Amino acid sequence: MELSVQLAPKHKPGLLLANPVMTAAGTFGYGTEYSHLFDIQKLGAIVCKGTTLEPRQGNPQPRLAETAGGLLNSIGLQNIGVKALIKEKAPIWAKWPVPVIVNIAGETIDDYAQLAGKLDGVAGIRAIEVNISCPNVKAGGAEFGAEPDSAARVVAAVKAATSLPVLVKLTPNTSAITKVAVAVAEAGADAISLINTLKGMAIDTTRRRPLLGSTTGGLSGPAIKPVALYMVYEVAGAVEAPVIGCGGIATTSDAIAFIMAGASAVQVGTASFTHPRAPLDVLEGIEQFMKKEGINNLTELIGAAR
Ligand SMILES: Cc1cc2nc3c(=O)[nH]c(=O)nc-3n(C[C@H](O)[C@H](O)[C@H](O)COP(=O)(O)O)c2cc1C
């Protein structure tokens, strides 16, 4: 049975995954936190926590709120910063067979370019995933990924600064997701992952205040799956670059639905909080499904519902 997927077909040496199941940024730490719970080396790839130039403390508490079928978070990109990541985490990853992809975030285009430059050539780092759901501080705080032009400028700057494969992670908080996808593909994205969280909020009615310390947060989990599936379907029909589906994937059938919609790979996020082994269960379920259906190559399933 052939489960491998090439996520950067136009890149040399590319980004070949042994299978299509990845973890989603910010929900699987640096991988090390989960390695005692199951054999994480069996996964297709691990995407680490969003990383910034400087260490960040994140947003004020509370930063998590459960919702019907979902989770609101306002972590605010708490992370150790790129310097510590290169010094402390990359040497561990360099010994792992599973490829590790570093998710990056910035407040200016130059932040992204600097991050990409620092990660280039570091042993243990196999690709970059660019989180464009961040506020563009110089342009008044709108998300970089909300508009095709600003999204493409980030991607072009990252591509110019690194020889690593570049995945671009789209935000659903836009009225133009397909246009943004086409623009980032033209700017050189090797693959496109989607979706990030949907903007939302909760109110603590006892205190008569917003529940989250930073007022708004990002919605994830099963509640967003139909939205994510629709966006993956649209984007996969508009770009040639491989698409990676993410958003509410908790079971094998969720993952297969995204693959049938056109995703070459999937990311499991919030599901890992309630069930840390979820990514491996999803992978094993895909193998069983292919066996049962007599499918020899995963590529037969990609876009099968289109
Ligand atoms: C607590 C938390 C932290 C996250 N941090 C990041 C991050 O640092 N960078 C990023 O691109 N996405 C981040 N995300 C978004 C997830 O990677 C994913 O796109 C989103 O949660 C939808 O998938 P899910 O429903 O499977 O969780 C975060 C999500 C959660 C719940």
Side-chain angles (χ1 to χ4, degrees), residues 6-15 17 22 24-26 45-54 56 77 79-83 85-86 89-90 93 99-139 142-171 173-174 176-177 179-196 235 239-244 246 265 267:
Q6 176 53 258
L7 287 187
K10 293 197 173 149
H11 179 274
K12 285 241 162 21
L15 180 63
L17 268 50
M22 314 165 63
I46 287 168
V47 181
C48 83
K49 236 172 140 40
T51 298
T52 50
L53 278 176
E54 299 300 329
R56 280 174 66 108
L77 292 173
N79 78 98
I80 59 175
V82 70
K83 202 170 155 196
L85 177 128
I86 291 170
K89 307 295 176 186
W93 298 335
V100 176
I101 298 167
V102 175
N103 179 284
I104 61 169
E107 293 179 344
T108 64
I109 290 176
D110 187 54
D111 285 356
Y112 284 101
Q114 277 196 54
L115 279 158
K118 288 182 195 295
L119 297 169
D120 192 29
V122 176
I125 297 172
R126 295 282 297 278
I128 291 173
E129 182 180 63
V130 187
N131 174 8
I132 54 172
S133 303
C134 306
N136 179 350
V137 168
K138 279 192 186 153
E143 287 181 27
F144 285 101
E147 299 292 339
D149 284 356
S150 49
R153 277 201 296 275
V154 174
V155 177
V158 168
K159 280 295 285 186
T162 182
S163 58
L164 287 167
V166 174
L167 283 52
V168 179
K169 175 139 171 217
L170 303 187
T171 172
N173 303 315
T174 169
I177 192 142
K179 285 186 184 146
V180 172
V182 170
V184 300
E186 280 171 1
D190 292 294
I192 295 177
S193 43
L194 73 158
I195 58 175
N196 211 312
V235 167
V239 297
E240 251 179 60
V243 167
I244 302 157
C246 176
Q267 295 180 349

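Just so you know, these numbers come straight off a predicted model, no measurement behind them.
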Using the side-chain contact (heavy atoms from CB on, under 4.5 Å) criterion, which residues pair with [X]? Sequence neighbours excluded.
| X | result |
| --- | --- |
| Ala185 | Ile192, Val239 |
| Asp149 | Arg153 |
| Ala45 | Leu17, Met22, Pro99, Ile101 |
| Lys138 | Thr108, Asn136 |

Task: Lys83: partners by salt bridge (Lys or Arg N to Asp or Glu O under 4.0 Å), with sequence neighbours left out - done: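 If we apply the salt bridge (Lys or Arg N to Asp or Glu O under 4.0 Å) test to Lys83, skipping adjacent residues, there are no hits.
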
Over all atoms of both residues, closest heavy-atom pair of [X] and [Y]:
| X | Y | value |
| --- | --- | --- |
| Ala191 | Ala241 | CA-CB, 4.3 Å |
| Ala183 | Ala152 | O-CB, 3.9 Å |
| Val155 | Ala189 | CG1-N, 3.9 Å |
| Trp93 | Gly124 | CB-O, 3.4 Å |
| Pro242 | Pro9 | CG-CD, 3.5 Å |
| Ala105 | Cys134 | CB-SG, 3.6 Å |

Open item on the list: Can you tell me which residue among Val168, Ile177, Val180, Thr171 is in a side chain to side chain contact (heavy atoms under 4.5 Å, CB included) with Leu194?
Closed with: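 Single pass found, and it is Ile177.
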
Task: Polar side chain donor-acceptor pair, Asp111 to Thr52, under 3.5 angstrom - done: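 Distance-only check fails for Asp111 and Thr52.
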
- [ ] For Thr51 and Lys49, indicate whether the former's side chain and the latter's backbone hold a donor-acceptor pair under 3.5 Å.
- [x]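 Yes; judged by distance alone, with no hydrogens or angles, the pair exists.
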
- [ ] Answer whether the closest heavy-atom distance between the side chains of Ile125 and Leu85 falls below 4.5 Å.
- [x]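 With C-beta onward as the side chain, the pair touches.
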
TODO: Could you tell me whether Glu143 atom CD has more than 12 heavy atoms of other residues or ligands within 6.0 Å of it?
DONE: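 Yes, enclosed.
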
[atom2] on [Y] to [atom1] on [X], rounded to 0.5 Å:
| X | Y | atom1 | atom2 | result |
| --- | --- | --- | --- | --- |
| Ile128 | Leu115 | CD1 | CG | 8.0 Å |
| Ile244 | Leu167 | CD1 | CG | 4.0 Å |
| Leu119 | Ile104 | CG | CD1 | 6.5 Å |

Open item on the list: As a test of understanding, state which of Lys12, Lys10, Lys159 forms a salt bridge (charged side-chain N to carboxylate O under 4.0 Å, His left out) with Asp190.
Closed with: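 Exactly one candidate clears the test, Lys159.
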
Open item on the list: As a quick check of understanding, evaluate side chain to side chain contact (heavy atoms under 4.5 Å, CB included) for Leu170 and Ile195, giving each step before the final call.
Closed with: CA-CA 6 Å; Leu170 303 187; Ile195 58 175; 5.9 Å; no

TODO: Any pair with a residue in residues 116-132 that passes side-chain hydrogen bond (donor to acceptor under 3.5 Å, both in side chains), sequence neighbours left out, goes on the list, sorted by first then second residue, please.
DONE: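 Checked against side-chain hydrogen bond (donor to acceptor under 3.5 Å, both in side chains) - neighbours excluded - the pairs reaching residues 116-132 are Asn103-Glu129, Asp120-Thr162, Asp120-Ser163, Glu129-Ser193, Glu129-Gln267, Asn131-Ser133, Asn131-Asn196.
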
